[in-house]
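Before any comments, here is the structure.
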Amino acid sequence: MFKLLTCFFVFWVGSNADQYTNPIALKAPDPWMVYYNGYYYLVATTWTNDIGIRKASTLSGLKDVENTVVHTIDGRVMWAPEIHLIDGRWYLFYCACAADTEGNSCHRNHVAQSASDDPMGPYTFMADFVDDTNDVEELDPSYIIINDQQYLLGSYMGSTQNLYIRPMANPYTPTGPKYFLSAPTYDWERQTWNVNEGPEPLYHDGRIFVVYSASACSTANYKLGLLEFIGTDPLNSTHWQKNPEPVFQRSDENHVYGPGHNGFFNSPDGTEDWIIYHANSEESQGCDMGRSSRAQKFIWGDDGLPVFGVPEAADVSYEGPSGE
Ligand SMILES: *[C@@H]1O[C@H](CO)[C@@H](O)[C@H](O)[C@H]1NC(C)=O
């Protein structure tokens, strides 16, 4: 009887997912998504002072829903929002400029806190992450937990655009300055612009990775690279190892250009790993609100590294996440 039930369950789970096509959302650059209590929650850059969430019970359903405003910031040009559930509340990390500024070098990272465990908020502003020891443009905040210690991740302007990691007591209280994590060193990270940005934590089988975006977001050569934590001190960049090759990049055959600035989410039944990223369908579409969100399943190689494959073609039907 137990065996029968197991078979039935596996069959039911595997065959029940909705079909979906990429892109899953238009005008949605720098996407980040989570599946939580029956719904997908997708946040993306708006380039305004509003932060919105698209909420749907299926991947294919995200295309038709409103981008509901969950928080309006006292600032401008909001980029790269993410929500993380930490100690029972959602924290909305984003970068933006102060309201009275011009241009983009005024970007700094910020966080707001939800009133409860509802990802739709309401959110209350909590902190500006200004690093007084090195106050430069900062962008693309994310959050990683290593050995029970919390860290802010981000990108900053040095002589090149680099990644940083910053120790935190909680999601709104840094306990020190930012530490250098990674710089664009390989040729494939230095196409048109020298860039490492959009760091994203990825945990698997006791190993800890940061997937990041490299080269110029305004070109078809924007892509993903991989760092792995191989030491004991996350604040020491020599304890991280960079994969010599990119892990996800353009597919001219599939007409997907500049895939990058990603997030990760699990299928509703928790059995599958999925990546969400933005890309363009034409080579010269640039780095603005025209970029669309796309999602696809990925697997793990025998060496324990993620295998993202190639970006899937637009308008082709694929099976949705398991358990939908
Ligand atoms: C970083 O790690 C390396 C290798 O373990 C060590 O030699 C170096 O002293 C460390 N640097 C700092 C600032 O702790």
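The first residue of the sequence shown is numbered 1, and numbering continues consecutively from there. All ligand and atom numbering here is 1-based and tracks the order in the structure.
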Problem - Distance flag for atom 3 (C) of ligand 1, protein heavy atom under 4.0 Å - result: yes
Problem - 4.0 Å protein heavy-atom contact status of atom 7 (O) of ligand 1, strictly under - result: no
Compute the ring centroids of [X] and [Y], then answer whether they are less than 6.0 Å apart.
{"X": "H84", "Y": "W32", "result": "yes"}
{"X": "F264", "Y": "F298", "result": "yes"}
{"X": "Y277", "Y": "F248", "result": "yes"}

Completion exercise
From the list F93, Y94, W47, ring pair (Phe, Tyr, Trp, His ring centres under 6.0 Å) with W79 holds only for W47
Problem - Ligand-side contact atoms (ligand 1) for residue partner T238, heavy atom cut-off under 4.0 Å - result: 1 (C), 2 (O), 3 (C), 4 (C)
Exercise for the section: Go through ligand 1 atom by atom and flag the ones less than 4.0 Å from a non-hydrogen atom of N236. Expected result: 1 (C), 2 (O), 3 (C), 8 (C), 10 (C), 11 (N), 12 (C), 14 (O)
Handout entry: atom 5 (O) of ligand 1 - nearest protein heavy atom and its distance
Key = H239 NE2, 3.1 Å
Completion exercise
Closest non-hydrogen contact found for M78 with T45 is O-CG2, 3.6 Å
